[in-house]
Enquirer: 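Structure below; questions to follow.
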Number of protein chains: 2
Amino acid sequence: MVEMTGVLNPRGTWVADRCSIAKALDVVRTRSAFLILREAFYGTTRFADFAERADISEPVAAARLRELVEHGLLELGDYRAPGQRTRREYRLTRKGEELFPVLAALMQWGDRWENDGGRVELRHRDCGEPVEVALRCAAGHELGPSDLELARKPKA
Amino acid sequence: MVEMTGVLNPRGTWVADRCSIAKALDVVRTRSAFLILREAFYGTTRFADFAERADISEPVAAARLRELVEHGLLELGDYRAPGQRTRREYRLTRKGEELFPVLAALMQWGDRWENDGGRVELRHRDCGEPVEVALRCAAGHELGPSDLELARKPKA
DNA sequence: CCGTATCCTGATAGATACTG
DNA sequence: CAGTATCTATCAGGATACGG
């Protein structure tokens, strides 16, 4: 699929042992972590709502939320709505926000292959058009998986 | 983050119970499954290579490969190189191929947040330019996570 | 070369009950 | 409301040894 150009290490094995995909999966490993993040993108901020909407038990929600805060994808702060008492809220950090394309790509794939087209879609708020996850090169070309090659990065 | 427009069901709960993200995660649930798929994209086709390159034990490789074939992301066939004996090979199906944006998005995020920029990059084979995962609407606009709304799909 | 069979450990996760 | 404490079941995954 993806062409490999010069990315074998001296022993002839792959660069896989320092792979960013594996490192990402070390941070977001479990189904419940993905579902918590999904809810965060949908605007959920409170403990009980995470557990209910992601349909996971409270102990699991507590464990995942703690780990996601530790890894810096969520941060926990206090929030007081006017005239209400203070509540705690989990908010996405920049690091967490930037995981959104992963969720969007999973959603797109699930829509197509496991959910009969899906019932819901992402749209551009300004123009109302449906949104897709795409691979695009710096020259602006749209790509499929077989238009790619994997190469060592130039030293920055 | 993502604006919700009319996607609550009558009980006031979220559409999450029929969520395509959850359904996708039911198919590709584990770290080892993602790593097997990564290797498939990198061109690996044989059992022993999957186990070695993804750095997982043979029993785990066997289990994941079987599940991925059952779910239709890989298919198993026979392959004979000229003058060699027949070997078995696992190939990505269309369904498996289309999961590539998920892997690319994980790689991009891991590069940035967990791997010090990464050591390797995806490039467009034709023009050599680096490749990014992007959100794009049907009108051609490039989007960030906060430019989105989630809405019911029109009945097709 | 391509797996399977066993055995074992730790992580994931639900249910339930309880506390600040 | 926001969790924690237990307890239990199931799953992910490694190590080792073995069979087609």
Side-chain angles (χ1 to χ4, degrees), chain A residues 12 16-17 19 21-40 43-71 74-91, chain B residues 12 16-17 19 21-22 24-40 43-71 74-81 83-91:
Chain A
D17 50 331
C19 170
I21 296 172
K23 288 178 186 286
L25 293 170
D26 285 336
V27 173
V28 187
R29 204 188 194 64
T30 63
R31 180 183 157 89
S32 50
F34 279 103
L35 297 180
I36 291 268
L37 287 169
R38 178 194 71 193
E39 289 309 319
T44 298
T45 61
R46 305 217 309 256
F47 177 82
D49 291 336
F50 279 111
E52 185 186 346
R53 295 172 183 173
D55 195 25
I56 56 183
S57 66
E58 286 167 352
V60 169
R64 290 301 89 74
L65 286 166
R66 182 167 19 79
E67 293 160 9
L68 290 169
V69 168
E70 281 168 6
H71 282 112
L74 296 176
E75 58 187 8
L76 182 51
D78 291 320
Y79 171 76
R80 53 163 196 1
Q84 305 246 334
R85 68 183 176 76
T86 299
R87 302 174 187 281
R88 312 192 76 187
E89 69 170 7
Y90 294 88
R91 286 185 317 273
Chain B
D17 51 330
C19 172
I21 295 173
L25 292 171
D26 285 335
V27 173
V28 188
R29 203 188 193 66
T30 64
R31 179 182 158 88
S32 52
F34 279 104
L35 297 180
I36 292 268
L37 288 169
R38 179 195 69 192
E39 289 309 319
T44 298
T45 61
R46 305 218 306 258
F47 177 82
D49 291 336
F50 279 112
E52 186 188 345
R53 296 172 183 173
D55 194 26
I56 56 182
S57 67
E58 286 167 353
V60 169
R64 288 305 88 72
L65 286 167
R66 182 167 21 80
E67 293 161 9
L68 289 170
V69 168
E70 282 170 4
H71 283 110
L74 296 176
E75 59 188 6
L76 183 51
D78 291 320
Y79 170 75
R80 49 154 198 15
Q84 305 244 336
R85 69 183 176 75
T86 298
R87 300 174 186 284
R88 314 190 76 184
E89 69 169 9
Y90 294 88
R91 286 185 317 274

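Below, chains carry the letters A, B, ... as their sequence lines are ordered, and counting in each starts from 1.
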Enquirer: What residues from residues 59-68 of chain A pass a heavy-atom cutoff of under 4.0 Å to DNA chain D?
Expert: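 Listed by number, they are A/Pro59, A/Ala62.
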Enquirer: Among all residues two or more places apart in sequence or in another chain, which pass the side-chain contact (heavy atoms from CB on, under 4.5 Å) test with B/Arg29?
Expert: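 Here the qualifying residues are A/Arg31, B/Asp26.
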Enquirer: Going 5' to 3' along DNA chain C, which nucleotides are the first and last within contact of chain A (any atom under 4.0 Å from a heavy atom)?
Expert: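 Boundary nucleotides touching chain A, in 5' to 3' order, are C/dT12 to C/dA17.
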Enquirer: For the residue pair B/Ala22 and A/Arg38, what are the closest heavy atoms and their distance?
Expert: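 Closest approach of B/Ala22 to A/Arg38, heavy atoms only: CB-NH1, 4.3 Å.
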Enquirer: Hey, can you pull the donor-acceptor pairs under 3.5 Å for the side chains in residues 58-69 of chain A, sequence neighbours left out?
Expert:
residue, atom, partner, partner atom, Å
A/Arg64, NE, A/Glu67, OE1, 3.0
A/Arg64, NH1, A/Ser32, OG, 3.2
A/Arg64, NH2, A/Glu67, OE2, 3.1

Enquirer: Looking across every strand, which nucleic acid part, if any, lies under 4.0 Å from B/Tyr90 by heavy atom: base, sugar-phosphate, or nothing?
Expert: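 Touches sugar-phosphate only.
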Enquirer: Quick one: on DNA chain C, does A/Glu58 or A/Ser32 contact a more 5' nucleotide (nearest heavy atom)?
Expert: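 First, find each residue's nearest nucleotide; the 5'-ward one identifies A/Ser32.
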Enquirer: I want to check something: taking the side chain as every heavy atom from C-beta on, are B/Arg88 and B/Asp78 in contact at a cut-off of under 4.5 Å?
Expert: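 The answer is yes, as the side chains (C-beta and beyond) meet within the 4.5 Å cut-off.
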Enquirer: Run the side-chain hydrogen bond (donor to acceptor under 3.5 Å, both in side chains) test against A/Asp55 and tell me which residues pass, sequence neighbours left out.
Expert: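 Expected list: none.
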Enquirer: Quick one: label A/Thr30 by what it contacts on the DNA or RNA (base, sugar-phosphate, nothing), any heavy atom closer than 4.0 Å.
Expert: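 Touches sugar-phosphate only.
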Enquirer: Calculate, to the nearest 0.5 Å, the distance between atoms CG and CG belonging to A/Leu74 and A/Leu37 respectively.
Expert: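 Those atoms lie 6.0 Å apart.
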Enquirer: So A/Tyr90 and A/Phe50, would you call those rings parallel, tilted or perpendicular, with 30° and 60° as cut-offs?
Expert: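 The arrangement is perpendicular - the two ring planes meet at more than 60°.
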Enquirer: Where is the tightest heavy-atom contact between B/Leu25 and A/Phe34, given as atom of each residue plus distance?
Expert: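 The answer is CD1-CB, 3.4 Å.
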Enquirer: Going 5' to 3' along DNA chain D, which nucleotides are the first and last within contact of chain A (any atom under 4.0 Å from a heavy atom)?
Expert: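 For DNA chain D, the relevant span reads D/dC1 to D/dA5.
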Enquirer: Which whole number of Å gives the distance between the C1' atom of D/dA17 and that of C/dC2?
Expert: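 D/dA17 and C/dC2 have their C1' atoms separated by 15 Å.
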Enquirer: Could you tell me which residues satisfy side-chain hydrogen bond (donor to acceptor under 3.5 Å, both in side chains) with B/Arg91, sequence neighbours excluded, listed by chain and number?
Expert: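 Result, side-chain hydrogen bond (donor to acceptor under 3.5 Å, both in side chains) vs B/Arg91: B/Glu75, B/Glu89.
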Enquirer: How large an angle, rounded to 10°, do the end axes of the helix from C/dG3-D/dC18 to C/dG20-D/dC1 enclose when each is built from five base pairs?
Expert: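 It works out to 40° between the end axes.
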Enquirer: How long is the straight-line distance from CZ of B/Arg46 back to CD of B/Glu52, given to the nearest 0.5 Å?
Expert: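 CZ of B/Arg46 is found 11.0 Å from CD of B/Glu52.
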Enquirer: Report yes if the side chains of A/Glu39 and A/Asp49 come closer than 4.5 Å at any heavy-atom pair, otherwise no.
Expert: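 A side-chain contact under 4.5 Å is absent here.
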